Protein chains: 2
Amino acid sequence: MTESFKKEIVQRIIKNLLDIQLLKLIQTQPMWGYKIKKQVETNFEVKLRHGALYPLLNALEAKGFLASQKQQQGGRIRKVYNITNKGKEYVEAYDSVLKEQIQNKT
Amino acid sequence: MTESFKKEIVQRIIKNLLDIQLLKLIQTQPMWGYKIKKQVETNFEVKLRHGALYPLLNALEAKGFLASQKQQQGGRIRKVYNITNKGKEYVEAYDSVLKEQIQNKT
DNA sequence: TACAATATGTCTTCTTTCAGACATATCTCA
DNA sequence: TGAGATATGTCTGAAAGAAGACATATTGTA
């Protein structure tokens with residue numbers, strides 16, 4: 001029971017706090033959209049539409065949480081994202097809130 | 001900056017994972033809708049519409065996460081909610097997922 | 001006695017979000 | 001050379017969610 005609850009909760013977090021998960025993932029290493037999609041799908045066992053992902057990545061860049069540079073390999077262009085200091089602060093704030101949630105200090 | 005980020009994240013969690021926050025609150029002590037509303041509003045500094053709260057509480061009871069009994073005091077009726085074992089399991093699963101989030105074991 | 005607070009509920013309109021299609025181009029392997 | 005994978009983007013119709021009104025009754029206080 002608890003295991004299925006956990007899967008459900010993970011899915012809810014991915015759905016509602018996807019941007020933070022992306023920041024966390026890119027924080028481990030710079031990554032481009034397509035790879036992010038595959039990583040999220042294998043890590044969390046969820047489907048991630050590219051039609052949802054790419055606009056979100058662009059929005060995170062516009063907000064200053066991510067910075068991108070285009071890498072060209074042959075004729076193929078990859079938009080590689082790095083996390084910014086602002087992005088790292090957001091992730092730190094998230095982890096801080098989660099700790100309070102667990103300790104019930106809210 | 002981090003503080004305003006924290007407020008934003010708390011608001012997002014309340015918005016998207018309100019049911020879990022209600023379970024956590026009722027877990028500390030049995031409570032009725034109106035008191036829950038006031039508690040959430042002071043604890044998290046957010047506004048909680050009663051038009052959103054009452055249907056959610058009823059839904060949580062229908063799912064078996066909460067159980068209610070009506071307490072009559074004079075002519076006034078309070079619907080006091082208790083958390084069920086199933087509800088406790090859901091909260092445990094949530095805390096477990098949060099721990100994994102912090103430790104990046106996801 | 002009138003107003004604010006306590007107490008619980010529904011319902012409609014508006015807004016936001018979501019799923020999936022539409023669109024294009026390269027690369028690899030059979 | 002054709003199919004599947006890589007790679008990134010937009011757009012629209014449908015579904016879900018939110019805000020606020022509508023609804024009713026009691027209690028306490030000025």
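Note that these values count all heavy atoms, side chains included, but never hydrogens, waters or copies made by symmetry. Small disclaimer: the values here were computed from a predicted structure and weren't measured. The sequence lines fix the lettering, A, B, ..., with proteins before strands; numbering per chain opens at 1.
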How is [X] classified with respect to the nucleic acid when contacts are heavy atoms under 4.0 Å: base, sugar-phosphate, or nothing?
X       : answer
A/Lys15 : sugar-phosphate
B/Lys79 : sugar-phosphate
B/Leu53 : nothing
A/Lys38 : sugar-phosphate
B/Gly51 : base
B/Gly75 : sugar-phosphate

* Asked: Does the side chain of B/Gln11 come under 3.5 Å of the side chain of B/Glu45 through a donor N or O and an acceptor N or O?
  -> no

* Step by step, work out the salt bridge (charged side-chain N to carboxylate O under 4.0 Å, His left out) result for B/Arg12 and A/Asp19. => CA-CA 12 Å; B/Arg12 290 180 64 186; A/Asp19 55 340; 2.9 Å; yes

For atom [atom1] of [X] and atom [atom2] of [N], their distance in whole Å:
X       : N      : atom1 : atom2 : result
A/Lys37 : D/dT6  : NZ    : P     : 9 Å
A/Tyr34 : C/dT26 : OH    : P     : 17 Å
B/Asn58 : C/dC11 : CG    : P     : 13 Å
A/Gln73 : D/dA5  : CD    : C1'   : 15 Å
B/Leu17 : D/dG17 : CG    : P     : 13 Å
B/Met31 : C/dA7  : CE    : C1'   : 15 Å
A/Ile14 : C/dA19 : CD1   : C1'   : 18 Å
A/Leu56 : D/dT10 : CG    : P     : 13 Å

* **Test: A/Lys6 and B/Asp95 ion pair at under 4.0 Å** => no

* **Presence of salt bridge, B/Lys37 and B/Glu41, under 4.0 angstrom** => yes

* Smallest separation among heavy atoms of A/Gln39 and A/Thr42, with atom names -> O-OG1, 3.0 Å

* Check B/Thr84 against B/Gly64 and note the closest heavy-atom contact, atom names and distance. =>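 Nearest heavy atoms, B/Thr84 then B/Gly64: OG1-O, 2.5 Å.
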
* From A/Leu48 CG over to A/Leu53 CG, what is the distance, rounded to the nearest 0.5 angstrom? ->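 It comes to 5.0 Å.
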
* Asked: Out of curiosity, A/Trp32 CH2 to A/Lys79 NZ, how far, rounded to the nearest 0.5 Å?
  -> 15.0 Å

* **Earlier contact from the 5' end, DNA chain C, for B/Ala52 and B/Trp32** => B/Trp32

* Structure fact -> Of B/Val80 and A/Asn16, the one whose nearest nucleotide on DNA chain C sits closer to the 5' end is B/Val80

Among [options], which nucleotide has an atom closest to any side-chain atom of [X]?
X       : options                : value
B/Arg78 : D/dT8, D/dT27, C/dT8   : C/dT8
A/His50 : C/dA7, D/dT6, C/dA23   : C/dA23
B/Arg49 : D/dT10, D/dT26, D/dG20 : D/dG20
B/Tyr54 : D/dT6, C/dG9, D/dT26   : C/dG9
A/Arg76 : C/dA7, C/dC27, C/dT10  : C/dC27

* Using the C1' atoms of five pairs at each end, what's the angle between the two axes of the helix from C/dT1-D/dA30 to C/dA30-D/dT1, to 10 degrees? -> 10°

